[in-house]
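Numbers for residues simply follow the sequence, beginning at 1. Just so you know, these numbers use all the heavy atoms, side chains as well, and skip hydrogens, waters and symmetry mates. Ligands are counted one by one from 1 in listed order, and the atoms in each one are counted from 1 as well.
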Amino acid sequence: MRPVDIVDRLLRDRNRNPGDFGRGSAPVNIALCKYWGKRDRGLHLPVTSSLSVSLPSLGADTKVYHTEKADRFIINNQLLTPDDPAALRLASYLDLFRGERRHCFEVQSVSSVPLAAGLASSASGFAALVLALDDLFDWKLGRRELSIIARLGSGSACRSIYSGFVQWHAGVRADGMDSVAEPLPDTWPDLCVGWIRVSDEKKVVSSREAMERTVTTSPLYQSWPARVQRDLAMLRASIVEHDFHVFGRTAESNALAMHATMLDSWPPVLFWQPRTLEVLQAVWQARAAGIACYFTIDAGPNVKLLFENSSLDELLSFFPEMEMVAPFSLQR
Ligand code: PMV
């Protein structure tokens, strides 16, 4: 099954002719139990479920215009050249929506995420684009369908359709119609997510490539699905009970297990830089000094910190450069 078949099915009785203008915005999300490995590469269907928290004050705000001329992509006020990898990826995604009349689009997107801060800007970017397309075509799709369409752009984008805690269910169907994100009802007003920027440089291995290499070459990856099942259950319970230590420990350990599978791949993948390790050691030192704080890391060198508001001042003495968001104190 191809992505275009899924889109055609979801849009069967919807308008395929765009209006002039649409707009959408979507938050960044940070995975607490990671999505790592696909069971279907074309449809971005994951091997396991995953769980994230959206950061409502950070994300993408996207405008889409229908144009008769060629596509144009303006990201953070910069016009991308047609051969830019981001432009090629966007154009190929928009192919799913051009219809028989081969519509073209101008996309203008502004991201409030510090560029290349390792805050998964592609997830909020694709989610905001899908919401803008829904507005442009006046599809009025439900969030479940929007999450499926966002997944076709970037797997983790399906979670950025929602705020708060979000679980992406892996699903079992070959067409992925049950591989959707679902918001969890729980909130956690004191929870904070901080980030330490280690590097803005482009990664040498894309997360797509790293994921595939892990699935195909890492013997350790065999243990990943059982690991995720356990971690998801622990995270869900700790969120309900606001048990911060179980929550933080599970998220940190899940991230380390994901990176362990990358190290176990061949050729090996290691996104960390010397400064990444210094930050991890500083978190462990802070914890030894009694500060309740944990970390998570995605497919890059930057580190995200998890803590509660009461630890903020103490933590800033360890990490004066830390930037932070309280995901439940400012809903988008
Ligand atoms: O959605 P992608 O293809 O950008 O992959 C995201 C992978 C991780 O960020 C490492 C984990 C996750 O669940 O977001």
Taking side-chain hydrogen bond (donor to acceptor under 3.5 Å, both in side chains) as the criterion, tell me which of Gln167, Arg159, His169, Lys34 meets it with Ser50. Arg159
My understanding is that we take every heavy atom of each candidate and find the minimum distance to atom 12 (C) of ligand 1. Doing that for His44, Arg159, Arg151, which one comes out nearest? Arg159
Which of the numbered atoms in ligand 1 are under 4.0 angstrom from any heavy atom belonging to Ala299? 10 (C)
Heavy-atom proximity to atom 4 (O) of ligand 1 ranks first, among Ser52, Ser154, Cys33, for Ser154
Any idea which atoms of ligand 1 are less than 4.0 Å away from a heavy-atom of Met211? 5 (O), 7 (C)
Parallel, tilted or perpendicular for Phe244 and Trp188, by the 30°/60° rule? perpendicular
Nitrogen or oxygen of Lys38 less than 3.5 angstrom from that of ligand 1: no
Tyr93 ring center near Phe126 ring center (under 6.0 Å): yes
Which of the numbered atoms in ligand 1 are below 4.0 angstrom from a heavy atom of Ala31? 12 (C), 13 (O), 14 (O)
Region of Ser156 engaging ligand 1 - heavy atom pairs below 4.0 Å: both
Charged N to carboxylate O under 4.0 angstrom, Asp298 versus Lys304? yes
Element-labelled atoms of ligand 1 that are located less than 4.0 Å from some non-hydrogen atom of Gly155: 1 (O)
Closer than 4.0 angstrom, basic N to acidic O: yes or no for Glu145 and Arg14? no
NZ/NE/NH1/NH2 to OD/OE distance under 4.0 Å, Arg143 and Asp134: no
